[in-house]
Chemist: 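Quick one: the structure is below, and I'll ask about it shortly.
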Number of protein chains: 2
Amino acid sequence: MAERKVNATSTQVAKLAGVSQSAVSRAFTPGASIAESTRRKVVQAARKLGYQPNAIARSLSTKRSKIIGIVIANVTTNPFYPEVLDALSRQFQQRGQRVMLFVVTRDQNLDDILPQLLEYRVDGILLTAATLSSAMAHECARLGVPVTLFNRSVPDAHASSFCCDNIEGGRMAARLFMKSGHHQFAFVAGSHDTSTSLERERGFREELQKHGLEPYIEMGKFSYQGAFDAARRLMKLPKSPDAVFCANDIMAIGVLDALRHAEQKKVPEEVSVIGFDDIPMADWPSYNLTTIRQPIERMIDSAVNDLLDRINHDTMAPKQELVAGDLVVRSSARLPSGLSSGWVISTSETRNV
Amino acid sequence: MAERKVNATSTQVAKLAGVSQSAVSRAFTPGASIAESTRRKVVQAARKLGYQPNAIARSLSTKRSKIIGIVIANVTTNPFYPEVLDALSRQFQQRGQRVMLFVVTRDQNLDDILPQLLEYRVDGILLTAATLSSAMAHECARLGVPVTLFNRSVPDAHASSFCCDNIEGGRMAARLFMKSGHHQFAFVAGSHDTSTSLERERGFREELQKHGLEPYIEMGKFSYQGAFDAARRLMKLPKSPDAVFCANDIMAIGVLDALRHAEQKKVPEEVSVIGFDDIPMADWPSYNLTTIRQPIERMIDSAVNDLLDRINHDTMAPKQELVAGDLVVRSSARLPSGLSSGWVISTSETRNV
DNA sequence: AAAAATGATGAATGCGTATGCAAACATGCA
DNA sequence: TGCATGTTTGCATACGCATTCATCATTTTT
């Protein structure tokens, strides 16, 4: 009973249904001009043969692959990115796009991997935790493939970008530290060539400098262990800091662990720590991390909408969007009077959750 | 200077190079019969036009998409899976296959999503943390698309599967608990319909039953919070357990946090906890989790090799492989005398690391 | 030197679908 | 009934590449 024929084609279905191949194609094309009666004949024949349209052939014919290329880094080192990947791929999925995934290392050169995406004529490209050489940006522009950067500021006007306001985030951290009476400040950087780390550092530093203060800078390599080690170095300094801002949560957690378990410091009594992202772990009772929350849902909605819009209207210009983050107050940093754990402070408002 | 032509074709390159389209195709096909001199002409013309072979057209022609479909769940709730995804996609990448990704929820029905993969004529399918209906298994078999399950035992002889030896893992946990003098045992399950959780429970329970012991079972829903709540329920029991084995590490960490921060229990003095997976966090000083390590690299190598082999030799039969896990001794569980933190115990040997 | 083997090349065809176009058909209206 | 309008349908072709086959050029063998 089960037909042993592998991968029936529209022509075979057509023959069985007694119609033309065009009719079969139309039966599977929403909105095509076809009588309900013939559609039913076709669908029946298709089912009998186990027919399923060949998306590869369709792509060739329509010049639309319905595939989005996603490039992502740090998937194992920072829980923020699995979160991003999950949300992105669900969104695209839901909106009828498939996802071709490339997992890269932070420092891997995209110039080798973007061509692999372009080979498959992806309809659009989304880069997360990865940057784009301007040569590649031009190449994509030339080919008419829209590119969106997520969580990286744009190096080139050819691409869209969706970021949290990192500079303002850094400022918020600095202000909270200063308001609650800290004296020595430090920033644990992710790397020296990543916009997220650089901008968060810059906001933090500039806000301190307004008050004549200067933070220590240590390199945490965007990893738990790197930040763990950075914290130990900081604590060896003659005037060790009592306020440490980290370029992301996973490093903040590394710092916390180092302070508590290797340096026997009380957090936040002796040292305060603030992170960035608000990953789920930040809310765990072992950490209770005060942090700047990236409004990931909103950022992703915007990024997906923008990319799909640019795919469908090729005249549309790329867009750069900066979304404000919220300061989530927990208990890894000393609080100024009047504030208690559980508050969320956004740039424009303060609301309890 | 820069040609404004979008997506040059092999025919255009052929014209510019003064050769036939076949020659262009051969120039980009490793091992094809073509003179070095004409290849150079072609490559030069191709560069001038910014030509890149169209993988979609190639797929249609060769009936090989060079795409692997990966379906994965739990990407945000269990750090083990980002690890798996990272390793898998790198491996495939490196071996010339692209990855089409589908992120699903644990209970999502794959019968809706596998057809989407099949539409693109993927060369093979790899499922992680997801199970396959036997209808779908047959469908894939009929179409000649090899399927591999990772970390799920096989429901159907049509698919390969690569798993850690969960039953033996459960046994090891039970033996360690018993050897170090625990009295009341509990298992925090992930779900009641997942082979990993069921098998780990079964090994644990059977080993205890050999000694006339019976564990409590609580449901942890494969999540930190679910396990956190499960631990609180366990501690409310009249004879609360002093030995808790969890179906995975992220739940073990939830249990640890509940014990320490909500129940004021000392770990391991009052309660011992063992997990499963050995995710990176298990080694963090805040947790120091004793756990069963899944030899993820080895499992992934086997899975990738098997899938690629079956793609290339369609006569090859699917394979079921069980890889032994190692018990990694840290300090979340009391130790029997003679054992100290830092030891790794495998089924056949005990070696220090 | 001729014969045979080897290598390089282009013309033609097929992969499976979508779609423009013209023909066929159905429907409404006068 | 006749005509204009709108809907369905099939034919033919295009999408971009790989590959077979026959042809021709080149090298090796005898």
Side-chain angles (χ1 to χ4, degrees), chain A residues 5-43 45-46 49-67 96 115 118-123 143-144, chain B residues 5-43 45-46 49-67 96 115 118-123 143-144:
Chain A
K5 199 84 199 79
V6 170
N7 275 340
T9 71
S10 57
T11 309
Q12 295 170 11
V13 175
K15 198 174 302 171
L16 179 59
V19 298
S20 73
Q21 179 267 326
S22 321
V24 177
S25 172
R26 292 186 177 112
F28 286 92
T29 305
S33 168
I34 188 175
E36 185 52 34
S37 58
T38 59
R39 145 168 291 148
R40 266 204 304 274
K41 276 195 298 185
V42 169
V43 167
L49 293 182
Y51 169 77
Q52 212 189 359
N54 183 327
I56 297 283
R58 170 181 296 159
S59 300
L60 183 59
S61 188
T62 60
K63 299 173 160 236
R64 286 273 152 134
S65 63
K66 292 272 189 183
I67 299 179
L118 296 174
E119 261 196 321
Y120 277 87
R121 301 299 188 260
V122 292
D123 291 344
L143 297 173
Chain B
K5 200 84 199 76
V6 169
N7 274 342
T9 71
S10 59
T11 309
Q12 295 170 9
V13 174
K15 198 174 304 173
L16 178 59
V19 298
S20 73
Q21 179 266 326
S22 320
V24 178
S25 172
R26 290 194 254 260
F28 287 92
T29 306
S33 170
I34 188 174
E36 186 51 34
S37 58
T38 58
R39 143 167 293 146
R40 266 204 303 275
K41 277 195 296 185
V42 169
V43 168
L49 294 182
Y51 168 78
Q52 211 188 0
N54 182 326
I56 297 284
R58 171 183 295 159
S59 299
L60 185 60
S61 187
T62 59
K63 298 173 161 238
R64 285 274 153 134
S65 62
K66 291 272 188 184
I67 298 178
L118 296 174
E119 261 195 320
Y120 278 87
R121 302 298 188 260
V122 292
D123 291 345
L143 296 173

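All values below come from the heavy atoms of this structure, side chains included, with hydrogens, waters and symmetry mates left out. Treat the numbers as computed from the prediction; the structure is a model and nothing was measured. Lettering follows sequence order; numbering is per chain, from 1.
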Chemist: So, does the side chain of B:Ser61 form a donor-acceptor pair with the base of C:dG14 at under 3.5 Å?
Modeler: yes
Chemist: Base, sugar-phosphate, or nothing: which does A:Thr9 touch, judged by heavy atoms less than 4.0 Å apart?
Modeler: sugar-phosphate
Chemist: Check the phosphate of C:dA18 against A:Lys63, side-chain N and O only, distance under 4.0 Å to OP1 or OP2. Yes or no?
Modeler: no
Chemist: Apply ring-ring contact (aromatic ring centres under 6.0 Å, His included) to residues B:Phe28 and B:Tyr51 and explain how you reach the verdict.
Modeler: CA-CA 11 Å; B:Phe28 287 92; B:Tyr51 168 78; 5.4 Å; yes
Chemist: Rounded to the nearest Å, what distance is computed from the CD1 atom of residue B:Ile56 to the P atom of nucleotide D:dC15?
Modeler: 16 Å
Chemist: Counting heavy atoms not belonging to A:Lys15, are there more than 12 under 6.0 Å from its NZ?
Modeler: no
Chemist: Within this structure, what is the NZ-to-C1' distance between A:Lys66 and C:dT17, rounded to whole angstrom?
Modeler: 15 Å
Chemist: Taking the side chain of B:Ser25 as heavy atoms from C-beta outward, which of D:dA18, C:dT17, C:dA8 is closest to it?
Modeler: D:dA18
Chemist: Side chain of B:Ile34 only, heavy atoms from C-beta on: which candidate in D:dT9, C:dT9, C:dT17 is closest?
Modeler: C:dT9
Chemist: Does the side chain to side chain contact (heavy atoms under 4.5 Å, CB included) test come out yes or no for A:Asn7 and B:Arg121, once each step is laid out?
Modeler: CA-CA 9 Å; A:Asn7 275 340; B:Arg121 302 298 188 260; 3.6 Å; yes
Chemist: I need the CZ-C1' distance between A:Arg64 and C:dG16, as an integer number of Å.
Modeler: 20 Å
Chemist: Is a donor-acceptor contact shorter than 3.5 angstrom present between the side chain of A:Ser22 and the base of C:dT19?
Modeler: yes
Chemist: In Å and rounded to the nearest 0.5 Å, what is the CD1 to OG distance from A:Ile34 to A:Ser25?
Modeler: 9.0 Å
Chemist: Is B:Ser20 near enough to C:dG10 that one of its side-chain N or O atoms lies under 4.0 angstrom from OP1 or OP2?
Modeler: yes
Chemist: Considering every strand and a 4.0 Å limit on heavy-atom distances, what is the contact class for B:Val24: base, sugar-phosphate, or nothing?
Modeler: nothing
Chemist: Closer than 4.0 Å, any side-chain N/O of B:Thr62 to the OP1 or OP2 of D:dT19?
Modeler: no
Chemist: Can you tell me how far C1' of C:dT17 sits from CD of B:Glu119, to the nearest Å?
Modeler: 12 Å
Chemist: Identify, between B:Ser33 and A:Gln52, the residue whose nearest nucleotide on DNA chain C lies closer to the 5' end.
Modeler: B:Ser33
Chemist: On the side chain of B:Thr38, is there an atom forming a donor-acceptor pair with the base of C:dA8 - under 3.5 Å, no angle test?
Modeler: no
Chemist: Once you round it to whole Å, what is the distance between P of C:dA18 and CZ of A:Phe28?
Modeler: 10 Å
Chemist: For the pair made of CD in A:Glu36 and C1' in C:dA26, what is the distance, rounded to whole Å?
Modeler: 17 Å
Chemist: In Å, rounded to the nearest 0.5 Å, how long is the span from CD1 of A:Ile56 to CG of B:Leu60?
Modeler: 8.0 Å
Chemist: Does any donor-acceptor pair link the side chain of A:Gln21 with the base of C:dA18 at a separation under 3.5 Å?
Modeler: yes
Chemist: Return no unless some side-chain N or O of A:Ser10 is found under 4.0 Å from OP1 or OP2 of C:dG16.
Modeler: no
Chemist: Measuring to OP1 and OP2 of C:dG16, would you say a side-chain N or O of B:Tyr120 lies under 4.0 angstrom away?
Modeler: no
Chemist: Quick one: B:Lys15 NZ to C:dT9 P, roughly how many Å, whole number?
Modeler: 20 Å
Chemist: After noting the C-alpha distance and the side-chain angles of A:Tyr120 and B:Ser59, does the key distance pass the side chain to side chain contact (heavy atoms under 4.5 Å, CB included) rule?
Modeler: CA-CA 9 Å; A:Tyr120 277 87; B:Ser59 299; 4.3 Å; yes
Chemist: Would you classify A:Leu60 as touching base, sugar-phosphate or nothing, given that sugar-phosphate means primed atoms plus P, OP1 and OP2, and contacts are heavy atoms under 4.0 Å?
Modeler: base
Chemist: Tell me if the side-chain of B:Arg26 makes a donor-acceptor pair with the base of C:dG10, cut-off 3.5 Å, by modelled atom types.
Modeler: yes
